[in-house]
Amino acid sequence: MLEDHAEFGFRADVRQERLIIVFRGELDIYADEVLAAPLARLARESRRDLVLDLGAVTFLDCGGLTLLCRAGDAARPRGTRVVLVVDNPFFHKILRLGGLTATFEIAEDLETALMTGAEGSPV
């Protein structure tokens, strides 16, 4: 039942010339089905680097990884940097097992993501 599914979503904000997407709740296959189109549209239409913040995510599986990859794929054709903010050790493991640690820049917190330049060094 739809009512039994945990709440999820995202909010978008611009900070320091970057588009920040802050996710919340469970990122699974259902979240991918619901959020993929609006997230890809934001990523594709923005002319800013993209920061995907997973700090308020409570669950991440292959459906959530698909959602993150779709956002990255939508943003990268313009040469946009895509940074994941991941502070959960289990999520780091999921990204590693999914073979995505080389696909995304990964920062431990939002402030680090905002300070990192295109070459991975402080701005």
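We're numbering straight along the sequence, starting at 1. None of the values given here were measured: they were computed from a predicted structure. We use all heavy atoms of the structure for the numbers below, so side chains are in, but hydrogens, waters and symmetry mates are not.
- Summarising the geometry of Ala71 relative to Ala43, their closest heavy-atom pair is O-CB, 3.6 Å, with the distance given to 0.1 Å.
- Here CG of Asp32 is found 4.0 Å from CZ of Arg70. Values are rounded to the nearest 0.5 Å.
- Annotation: the span from Phe8 atom CZ to Asp28 atom CG amounts to 7.0 Å, rounded to 0.5 Å.
- Pairing each heavy atom of Leu39 with each of Phe23, the nearest pair is CD2-CZ, 3.6 Å.
- Partner Asp49 forms a side-chain contact (heavy atoms from CB on, under 4.5 Å) with one of Val82, Thr80, Leu114, Leu19 and no other, that one being Thr80.
- In terms of hydrophobic clustering, with Ile, Leu, Val, Met, Phe, Trp and Tyr side chains grouped at heavy-atom distances under 4.5 Å, Leu95 and Phe59 are assigned to different clusters.
- The line from CD1 of Ile29 to CG of Leu67 is 11.5 Å long, rounded to the nearest 0.5 Å.
- One finds the CG atom of Leu68 at 6.5 Å from the CG atom of Leu60 (value rounded to the nearest 0.5 Å).
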- Stepwise side-chain contact (heavy atoms from CB on, under 4.5 Å) test for Arg24 and Arg11: CA-CA 9 Å; Arg24 72 177 189 294; Arg11 77 173 194 283; 6.0 Å; no
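- Closest approach of Asp61 to Gly63, counting heavy atoms only: OD1-N, 2.9 Å.
- The neighbour count for Leu97 CG, taken as heavy atoms of other residues, nucleotides or ligands under 6.0 Å away, is above 12.
- When each of Asp53, Leu54, Leu50, Val85 is checked for a side-chain contact (heavy atoms from CB on, under 4.5 Å) with Ile21, only Leu50 meets the rule.
- The heavy-atom pair separating Arg47 from Arg44 by the smallest distance is NH1-O, 3.6 Å.
- At a threshold of 4.0 Å, the pair Glu45-Arg78 does not count as salt-bridged, since none of the basic side-chain nitrogens sits closer than that to a carboxylate oxygen.
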- Apply side-chain contact (heavy atoms from CB on, under 4.5 Å) to the pair Leu27 and Phe91, showing each step before the final yes or no. CA-CA 11 Å; Leu27 295 186; Phe91 294 172; over 6 Å; no
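- Rounding to the nearest 0.5 Å gives a distance of 5.5 Å between CZ of Arg15 and CD1 of Ile20.
- A 4.5 Å side-chain heavy-atom check between Val22 and Asp13 finds every atom pair outside the cut-off.
- Across all their heavy atoms, Leu35 and Gly9 have their closest contact at CD1-CA, 4.1 Å.
- Distance check: Glu17 CD to Arg48 CZ gives 5.0 Å after rounding to the nearest 0.5 Å.
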